[in-house]
Amino acid sequence: MTTFPLAAVLLPFVAAFAGLLLSRWPHRRPPARPAQAAPSEPSGSSTRSASESADGRSVGESADGPAAGGSDAEPSAGGPADERFADEDPDPHSPGTWASDEWPDPEEAAQEAGARAADKRANARAAWIAIIPTAVSAVLAAWLAWDRGFAFLTDSGVGAPTGHTYGTITTGGLPISLTLQADNLSALLGVLVTLVALAVQVYSVGYLADDPRYPSYSAFISLFTSAMLLVVYAGDLLVLYVGWEIMGLCSYLLIGHWWEDRGNSRAAVKAFLVTRLGDVGFLFGIFVLGAAAGSFRVADVLAKVPEMSQATLVTATLLLLAGVAGKSAQVPLHTWLPDAMAGPTPISALIHAATMVAAGIFIVARLFPAFLAAPPTMDVLAVLAALGMLGAALAALAQDDLKRVLAYSTISQLAYMAGGLAAGSDTAAIFHLLTHGAFKALLFLCAGVVIHHVGSNLMTRMGGLRRELPITFATMTIGLAALMGIPPAGGFFSKDAVLAAMDDAVTTGTLTDAAALLLYACALATVAVTGAYATRAWLRTFFGQARAVPVPLPEPPPGTAHVVDVTEAPRTMLVPVVLLAVPALLLGLAGGLHVDVGVAAVGVLLALLGAGAVYAFWRMDPLADPARLLGPLRTPCEQAFYVDRGYAALFVRPVLALARLVVRTDDTVVDGAVRGSGRTARGLAGVLRLAQNGNVQLYVSGLLAGVLLIAVGAVVFT
């Protein structure tokens, strides 16, 4: 079993390499996605139009440009669409749909059909290459975790770490140990990563069935999985940092999967730059800890923590916290995550449930003794968590894009975990990380089914879907119940553990009184807001009447068969959704933690209070958006409290202005000097050229003039 961590890391990496070899470069351009302009609310509604926010910009549009998410629609997941909406442009490349009543040229249609058939064959090969190694890696991870069970959650301390050192890199200073290990913490996270990655790989087979870029897409997912497993199983901080940075690259490639849309490419660049900003501090934090411990090995660093000075620990942990805030999308580096919804929905599930954002929380838990020994850092973590959990929850309550609701929900739930860590309970935080991974992956994949069916991310385009999508309705209800913390869903038990830890921190924790009170008060308020935005998303998506008018497709020509797919979603999409509903519902029962009845009762009561308020507003006018209960706060919440605008004003625009100044200086001063020297040389050469014109008389005259000057000079000076 000592080689299991290495095998679990290498299998997805080999799959990624094979998938990239299978990909065809450059890619054929994927089918055009319909540009859907969401309609205004029906008459009598008191809300704004679906496509505009309070200040008139498109939903999701940042202060300094168009919406980062690009188009609000995602491509069809394969198979003909059974209906289109009156206000959207049909996809001319989608099977079973036509751009107009005019039929395409038969020869062009045959070429397109041939290209699609070739894509399907390549996609099928890529799917097997991606899924099988990920499945084997999941089995190995589960085997590693089996003997340990839930030892980390129950503090039973089962066994020593399982692992092996594969060599040492001599650097001239501190050596880098190539060590992979599986202890109780990493064993749990390894199972989460591999199972969610496997579900995403299977789901993507149906979701991107017609995408010619699927082979490279699946390869990048495999590389993403391998990088996260390297972070989880690494026994050396610099080895961990390698996986940490590879994840940043993979997130850039996958968020920008549809890079032809400028908004998508901008979202990918934003995610890359913001997380890299945090990673600068993270790397220096590793250097500080390694230098203080005399080693980068995790075990050696933790063993030396009691000998380190307070200043060293505070400096190192604050620097590490910068990287954690970037990767886990915490205040103040949280702004990239909502824009990252520009990527395919399965990628959102992977990022939010098991890879990028989970890595930051894992790092704090991995180095938890160092953070505990730095009380100022814990206070900073508590304040950032308090602001993040409540602010993101309020932002989620005002969003119309279903994926952005879930994105802000992730920021809020990760802040819960950070709050649990700040309160001194790594066990409660990791327990919530596990249950959150299950129900958030479920919610995103359910959202993908809804988007696949409706053709839009906007909830103003949804409604009444519980009859059309019964399986998705049932599974998403389980996911939202877990998000709200309603028993017996898994989120109820893990959220109760986090709240109980915060309650204890008020009196006996390592936090200062002000930080502990702020954290606990914001956590309780967030419970109510979470119940509100989860209920709003549930009602707006599945209840009421449909808010879009379908238009039948053109009649096919005589003798042409047109088969319409009327199923809920491809089986490859539904099976992962159904399977993920099981841990989302039952995982909390496996934690072995005792429920604090008083805290649990308060949490459930607050969640039901928030849900009841939204339901009451919805019942008053089912056509209107219940977010109107926010009153004058709705606009700030919808714009996420203008943090992006503030960053644009304070950082983006000044940096762009400085960049333009540098460009002008380079063009006018540096390049101007170079061009000026060239013009000067050419001018002097022109003057000299006058004396070399081939005129013999001029040469003789010059010679005589020179002789005359020499003679005059000789007479004068002698």
Side-chain angles (χ1 to χ4, degrees), residues 12 15 19 74-79 123-124 126-139 141-142 190-211 214 217-222 224-225 228 254 257 343-355 358 402-403 406 410 434-453 465 469-483 489-491 565 567-587:
E74 296 200 25
S76 174
N123 291 356
W128 287 112
I129 290 175
I131 291 173
I132 292 177
T134 305
V136 176
S137 184
V139 171
V191 174
L192 173 67
V193 172
T194 53
L195 290 182
V196 172
L198 179 60
V200 168
Q201 289 280 24
V202 174
Y203 184 94
S204 298
V205 173
Y207 197 82
L208 295 175
D210 288 331
D211 195 322
Y214 172 80
Y217 163 90
S218 62
F220 292 144
I221 292 180
S222 296
F224 210 158
T225 305
M228 182 60 184
L254 290 168
H257 178 71
T345 299
I347 294 308
S348 301
L350 186 65
I351 290 175
H352 287 246
T355 52
L402 180 58
K403 288 176 65 177
L406 297 179
T410 297
L434 292 175
T435 61
H436 175 267
F439 68 70
K440 190 52 64 71
L442 172 64
L443 288 173
F444 267 107
L445 297 187
C446 287
V449 175
V450 172
I451 294 167
H452 167 267
H453 182 81
L465 294 178
L469 305 174
I471 297 175
T472 304
F473 169 66
T475 52
M476 197 164 187
T477 300
I478 292 173
L480 291 172
L483 172 62
D565 184 6
T567 59
E568 180 169 349
R571 187 174 300 175
T572 53
M573 293 171 64
L574 285 182
V575 169
V577 166
V578 173
L579 293 179
L580 281 172
V582 177
L585 182 63
L586 302 178
L587 186 58

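Just so we're clear, the structure is a prediction, and the values are computed from it rather than from any experiment.
Separation of atoms CZ (Phe439) and CG (Leu480) is listed at 9.5 Å; rounding is to 0.5 Å. Separation of atoms CD1 (Ile131) and OG (Ser204) is listed at 8.5 Å; rounding is to 0.5 Å. Atom NE2 of His257 sits about 9.0 Å away from atom CD1 of Ile221, to the nearest 0.5 Å. With values rounded to the nearest 0.5 angstrom, His453 atom NE2 is found 11.5 Å from Met573 atom CE. The distance from atom CG of Leu402 to atom CE of Met476, rounded to the nearest 0.5 Å, is 4.5 Å. One distance of note links OG1 of Thr345 with NE2 of His352; it measures 10.0 Å at 0.5 Å rounding.
By the 4.5 Å heavy-atom criterion applied to side chains, Leu254 and Phe224 are counted as neighbours. The closest side-chain heavy-atom distance from Thr472 to Val577 is not below 4.5 Å. Taking the side chain as every heavy atom from C-beta outward, Phe444 and Thr410 approach each other to under 4.5 Å.
Side-chain N or O atoms of Asn123 include one that pairs as donor or acceptor with a backbone N or O of Asp211 at under 3.5 Å. Using modelled atom types, no side-chain atom of Tyr207 and backbone atom of Pro346 make a donor-acceptor pair closer than 3.5 Å. A distance-only check finds no donor-acceptor pair linking the side chain of Thr475 to the backbone of Ala581 [under 3.5 Å].
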Stepwise side-chain contact (heavy atoms from CB on, under 4.5 Å) check, Val449 with Phe473: CA-CA 10 Å; Val449 175; Phe473 169 66; over 6 Å; no
Working for side-chain contact (heavy atoms from CB on, under 4.5 Å), residues Tyr217 and Ile347: CA-CA 10 Å; Tyr217 163 90; Ile347 294 308; 3.5 Å; yes
side-chain contact (heavy atoms from CB on, under 4.5 Å) between Val202 and Val575, intermediate numbers included: CA-CA 9 Å; Val202 174; Val575 169; 5.6 Å; no
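Nearest heavy-atom pair across His452 and Pro570 is CE1-CD, 3.8 Å. Taking both residues in full, the closest heavy atoms of Leu192 and Ala438 are given as CD1-N, 4.4 Å, listed atom of the first, atom of the second, then distance. Closest heavy-atom contact between Thr194 and Thr134: O-CG2, 4.0 Å. Summarising the geometry of Gly19 relative to Ile129, their closest heavy-atom pair is N-CG2, 4.2 Å, with the distance given to 0.1 Å. Between Leu445 and Ala349, the shortest heavy-atom contact is CD2-CB, 3.8 Å. The nearest pair of heavy atoms linking Ala353 to Gly437 is CB-O, 3.3 Å.
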